[in-house]
2 protein chains.
Amino acid sequence: MDSKIVSLRSKLEIYKAGSGGGNIADCPVRDVIQGISNKWSSLLMMALAEKPYRFGELRRLVPDISQRMLTQTLHDLQRDGYVHREVFPTKPPSVEYSLTDLGRSMFGPLHQLLQWAELNHGAVRAARNAFDATET
Amino acid sequence: MDSKIVSLRSKLEIYKAGSGGGNIADCPVRDVIQGISNKWSSLLMMALAEKPYRFGELRRLVPDISQRMLTQTLHDLQRDGYVHREVFPTKPPSVEYSLTDLGRSMFGPLHQLLQWAELNHGAVRAARNAFDATET
DNA sequence: TAGTGCTGGTCTCTTTTTGAGACTCATATA
DNA sequence: TATATGAGTCTCAAAAAGAGACCAGCACTA
């Protein structure tokens, strides 16, 4: 019986239906997780965990992200405090993105998940194939 | 110098621009992570890690998910092998969802991340507020 | 001196994904 | 007979993502 189970309901429920207030920020897990569980965030965190990168470098490193989503995802990661953005007065000016301490702290557990993914890719693919075979 | 850094590039790049083939499945991390990094997956994993739930119970537990997305997310989690779906011949029939062994295995690292989120919610909120204050 | 490329973006338009909510179907209950 | 139930599906509107043109200032080249 660990305590996570006891407090699950309060972590999930963000607000009661009906009158009062209630905001998504009332659920810490959702508030934080939804910022990093989107298509590009974990990928960019992974890149920046290696070393700081400039905008164009990231774009080349992740060739199928659009400039629009790269800008926006970096902006969101910066807003949540995971990423630091620094402009250098070169001509033309260059911008470097790096992880903050908070970003590195968050990358710890994220990295565990990424490693799980790498290790269990085969099992997931197998499950998918099995599922697709029976449902057709 | 750990090995994650050495192999970062191969994990990120899914295909070279230009001719040949190349598939998203060539990048294990992306192939697996994109299945679980969406708005509802981690939340449902969290619920099912507690105990098996039926469709309607999940809907009540997560009041702001639409039936459409609940159906679809559960379907995707089942396809990737994390969730087991069992139909009971009651009238009307009821359906129970539970984690598979693979699902429980994946929930290990995911749970670490969720705990980080809970613990660092304050820091993230503070970062957001600071960011919003300077940018206006 | 005009043309080209580099930087890190923004703007607009189209396509895809999500959300809201009505509808189904067979049974049970009031 | 009217209504509720469980687990969805279907349709339509709204939001988000993707594609790709465009922008500014400066350096280098022809």
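Values reported hereafter were calculated over all heavy atoms of this structure, with side chains retained and with hydrogens, waters and symmetry mates removed. Note on naming: letters A, B, ... go to the chains in the order of the sequence lines (proteins, then strands), and numbering restarts at 1 for each one. Not measured: the values here are computed from a predicted model.
Under the 4.0 Å criterion applied to side-chain N and carboxylate O atoms, Asp64(B) and Arg59(B) are not assigned as salt-bridge partners. Checked for salt-bridge contact, Arg79(A) and Asp76(A) miss the test: no charged N lies under 4.0 Å from a carboxylate O.
To the nearest 0.5 angstrom, Arg85(A) atom CZ is 12.0 Å from Glu96(A) atom CD. Leu110(A) contributes atom CG, which lies 14.5 Å from atom CZ of Arg104(A) (distance to the nearest 0.5 angstrom).
By the 4.5 Å heavy-atom criterion applied to side chains, Val29(B) and Met46(A) are counted as neighbours. In this structure the side chain of Trp116(A) never reaches within 4.5 angstrom of the side chain of Glu118(A), judged on heavy atoms. The shortest side-chain heavy-atom distance between Thr100(B) and Val83(B) does not fall under the 4.5 Å cut-off. For the pair Trp40(A)/Leu70(A), no side-chain contact is recorded, criterion being any heavy-atom separation below 4.5 Å from C-beta on.
Aromatic ring orientation, Tyr97(A) versus Phe55(A): tilted (interplanar angle from 30° to 60°).
Nucleic acid contact class of Arg59(A) (heavy atoms, under 4.0 Å, all strands): none.
At whole-Å resolution of the value, CG in Leu43(B) and P in dT18(C) are 15 Å apart. Summarising the geometry, the separation between CD1 on Ile65(B) and C1' on dT18(C) is reported as 11 Å, rounded to the nearest angstrom. Note: CZ (Arg60(A)) to C1' (dC6(C)) measures 10 Å, nearest angstrom. The interatomic distance linking Glu96(A) (CD) with dG9(C) (P) rounds to 13 Å, in whole Å. Rounded to whole angstrom, the span from the NZ atom of Lys39(B) across to the C1' atom of dT18(C) amounts to 8 Å.
Phosphate contact (OP1/OP2 of dG19(C), side-chain N/O of Trp40(B), threshold under 4.0 Å): present.
There is no path of hydrophobic side-chain contacts, each under 4.5 Å, that joins Phe88(B) to Leu48(B).
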| task | Run the numbers on Leu43(A) and Val62(A) for side chain to side chain contact (heavy atoms under 4.5 Å, CB included), then give the verdict. | result | CA-CA 8 Å; Leu43(A) 216 55; Val62(A) 185; 3.9 Å; yes
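Protein chain B contacts DNA chain D from dT5(D) to dT11(D), reading 5' to 3' and using non-hydrogen atoms of the protein with a distance under 4.0 Å.
Contact check of residues 71-93 of chain A against DNA chain C (heavy atom, cut-off under 4.0 Å) returns Thr71(A), Arg85(A), Pro92(A), Pro93(A).
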Are there any protein N/O atoms within less than 3.5 Å of an N/O atom in nucleotides 21-23 of chain C, and if so, which ones and at what distance?
none

